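So the structure is just underneath, and the comments pick up after that.
A quick note: this is a predicted structure, and the numbers were derived from the prediction, not measured.
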Protein chains: 2
Amino acid sequence: MIPLSYGLLGLLARQPLSGYDLAQYMKKRVAPMWSALPSQIYPELAKLEAQGMVTHHVVEQHDYRPDKKVYEITKAGREALRHWVTEPTPVTTLRDEFVLKAYSLWLADPHEALTRFREHEQAHSQQLADYEALLARLRREWGSALDQMNSPLFGSSIAIHYGIGYERHYVHWCRQVIEQLEQQLHGEQAAREEEPSSRPSSEQSS
Amino acid sequence: MIPLSYGLLGLLARQPLSGYDLAQYMKKRVAPMWSALPSQIYPELAKLEAQGMVTHHVVEQHDYRPDKKVYEITKAGREALRHWVTEPTPVTTLRDEFVLKAYSLWLADPHEALTRFREHEQAHSQQLADYEALLARLRREWGSALDQMNSPLFGSSIAIHYGIGYERHYVHWCRQVIEQLEQQLHGEQAAREEEPSSRPSSEQSS
DNA sequence: AAGTCCATGTAACCAGTTACATGATTGC
DNA sequence: GCAATCATGTAACTGGTTACATGGACTT
C-alpha cells in the first residue's frame with residue numbers, strides 16, 4: 001500500500017469510478033497533491049482488488065465505446081483509508097528542480113534567468129487562478145457545507161486551500177527574484193550609460 | 001545527468017568538498033530544495049568524474065581519520081552547470097503524503113486529525129525558524145552582498161527565501177485547518193451540553 | 001559496553017516514468 | 001487523412017530508498 005493506493009481509495013470513497021476516470025483525476029488539477037499515469041494506476045487497482053480493498057463490475061456500453069470496469073471501495077478499503085489518514089506522516093522533503101537551479105543562479109546570464117522566472121511566475125499564476133476558480137465554484141454550489149468536517153467537500157476544500165497557499169507563495173517568490181534581477185540589470189545599464197567603456201567602480205570620470 | 005548531479009556540481013562550484021561533506025550538505029538544512037543519501041552520492045560522484053565534470057585528489061589525514069577524496073569541479077562541469085541553470089524546467093507536481101491525507105480527512109476522527117496537524121504545524125514552524133535564523137546569520141555576516149547576483153550568496157539567499165515562503169505557507173495552512181477542526185469540536189460539545197441525550201437537530205425539547 | 005563520528009562504498013528493491021500495443025469512433 | 005477520445009493494459013528502465021559492510025577513535 002503506497003500513497004497512490006490511498007489516493008485511489010480516497011477518490012473511490014466518494015464515488016465509484018473506472019480506471020480511466022481515476023486516471024483523469026490523477027492526471028491533472030482537481031487533487032493538487034498527487035499525480036499518476038494510467039500505466040501505474042491499472043496495475044495498482046488490480047493489487048487493491050487482490051487485497052480486498054475494492055471490487056469491480058464490468059459495465060457494457062451500448063455505443064461504440066469499449067466496456068469499462070467500474071471500481072467500488074469495500075468496507076475493508078474504507079477502514080484502511082480511515083486508518084491511514086490519521087497515522088503519523090513524516091515531513092516531506094522538497095524536490096523541485098527549479099528551486100535547485102535557483103541555488104546556482106549566480107552562474108547564469110541575468111536575461112535568461114529573468115525569462116525562466118517569468119515563465120514560472122506565469123505558470124504558477126495560472127495554476128493559482130484555476131484553484132481559486134475551483135474553490136469559488138464549490139463555494140457557489142455548496143456554500144458553508146465546505147466547512148462541515150464529515151463531508152467529502154471538507155477534504156476537497158482544505159486540499160485546494162493548500163494548493164492556493166502553495167501557488168501564492170511560489171508566485172510571490174518568483175516576483176521577488178524577478179525584481180532583484182531587474183534591479184541588477186538596471187544597475188548595470190545605468191553604469192554603462194554613465195561611462196561607456198569598461199570601468200568597475202562608481203568613480204566619476206574626468 | 002540527473003538533478004542530483006547538478007546539485008552536487010552546484011555545491012562544488014562554491015568550494016571543493018569530499019563525498020562525505022557533500023552527503024552532509026545534501027542530508028539536511030542548508031539547501032532547502034533537494035536531498036540525497038551517501039549511497040546515492042558516492043556512485044554519482046564516480047559518474048561525474050567519468051564524464052569529466054569533476055576531479056578528485058586523495059587527502060591523507062594524519063590523525064586517526066580515514067583518507068578522503070576531495071572533489072573539485074572542472075571547467076566542463078562549471079559549463080554544464082551554467083547551461084543547465086538557464087534551461088527551461090517543467091513545473092514540479094506536488095507529492096506530499098500529508099496533503100494527500102488531507103483530501104480524505106473527512107473520514108477521520110477530529111481529535112486524531114488535530115493531533116496530526118499540530119505535529120506538522122510544529123515541525124514546519126521549526127523548519128521556518130531554522131531558515132530564518134540562517135538568513136539572519138548570512139545577512140549579519142555579508143550584508144547587502146546577498147543581493148549581488150554574481151555571488152554564490154545570491155543563490156543561497158533566494159533558495160532560503162523559497163524555503164521561508166514555503167514553510168510560512170505550510171504553517172499557515174495547518175493553522176487554518178486546526179481552527180476549523182476546533183470549531184467543529186466546540187460546536188459538538190456545545191450541542192452535547194445543551195441536550196445530553198442523542199438528538200440530531202436543534203429543536204427545543206418539551 | 002554501546003553509540004556516534006569520519007569516510008567510502010555495494011546490492012537489492014521499489015515507485016514512478018517512458019514506451020509500446022490494441023481498436024472503434026468522432027471531430028478537424 | 002490525422003489526431004483525439006474512450007478504455008485497458010504490459011515491458012523496460014531509472015532515480016531514490018533501504019539494508020549491509022568496514023574499521024578506528026572518540027564520547028557517554
What is the distance, rounded to the nearest whole Å, between atom [atom1] of [X] and atom [atom2] of [N]?
X     : N      : atom1 : atom2 : result
B:L37 : C:dG9  : CG    : C1'   : 14 Å
A:Y6  : C:dA15 : OH    : C1'   : 15 Å
A:D63 : D:dC6  : CG    : P     : 11 Å
B:L48 : C:dG9  : CG    : P     : 13 Å
A:M1  : C:dG16 : CE    : P     : 13 Å
A:Y20 : D:dC6  : OH    : P     : 4 Å
A:E49 : D:dT8  : CD    : P     : 12 Å
B:I2  : D:dT14 : CD1   : P     : 11 Å

Among [options], the nucleotide that comes nearest once only the side chain of [X] is considered:
X     : options               : answer
A:L4  : C:dG16, C:dT8, D:dG16 : C:dG16
A:S39 : D:dC6, D:dG16, C:dT18 : C:dT18
B:Q40 : D:dT8, D:dT17, C:dT8  : D:dT17
A:K68 : D:dA7, C:dT8, D:dC26  : D:dA7

(request) Salt-bridge test for B:E79 and B:R82: reply yes if a basic N is under 4.0 Å from a carboxylate O, no otherwise. (result) yes
(message) Given A:E97, which partner from the list B:W84, B:W34, B:Y6 fulfils the side chain to side chain donor-acceptor pair (under 3.5 Å) test?
(response)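 Exactly one option meets the side chain to side chain donor-acceptor pair (under 3.5 Å) with A:E97, and it is B:W84.
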Please list every donor-acceptor pair under 3.5 Å in which a side-chain atom of residues 41-58 of chain A meets a protein atom from a residue at least two apart or in another chain.
residue	atom	partner	partner atom	Å
A:Y42	OH	A:Y20	N	3.4
A:E44	OE2	A:S5	OG	3.1
A:E49	OE1	A:H56	ND1	3.0
A:E49	OE2	A:H56	N	3.1
A:E49	OE2	A:H56	ND1	2.8
A:Q51	NE2	A:K47	O	3.2

(message) Need to verify one output field. Residue with the more 5' nearest nucleotide on DNA chain C, B:S18 or A:P66?
(response) B:S18
(message) Quick check on DNA chain C: between A:R65 and A:K47, whose nearest nucleotide comes earlier from the 5' end?
(response) A:K47
(request) Starting from the first five and the last five pairs of the helix from C:dA1-D:dT28 to C:dC28-D:dG1, work out the angle between the resulting helix axes, to 10 degrees. (result)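 The helix from C:dA1-D:dT28 to C:dC28-D:dG1 shows an end-to-end axis angle of 40°.
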(message) Parallel, tilted or perpendicular: which one describes the rings of A:Y170 and A:H120, with boundaries at 30° and 60°?
(response) parallel
(request) Could you check whether the rings of B:F98 and B:W173 sit parallel, tilted or perpendicular, using 30° and 60° as the cut-offs? (result) perpendicular
Is any side-chain nitrogen or oxygen of [X] closer than 4.0 Å to OP1 or OP2 of [N]?
X     : N      : result
B:Y42 : C:dT8  : yes
A:Q61 : D:dC6  : no
A:R95 : C:dA15 : no

(message) Could you check whether any side-chain heavy atom of B:V99 comes within less than 4.5 Å of a side-chain heavy atom of A:T92, counting everything from C-beta outward?
(response)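 Result no, sub-4.5 Å side-chain heavy-atom pair not found.
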Scan the side chains in residues 141-159 of chain B for donor-acceptor partners under 3.5 Å anywhere in the protein, sequence neighbours excluded, and list what turns up.
residue	atom	partner	partner atom	Å
B:E141	OE2	B:R137	NE	3.4
B:S151	OG	B:L153	N	3.0
B:S156	OG	B:R14	NH1	2.7

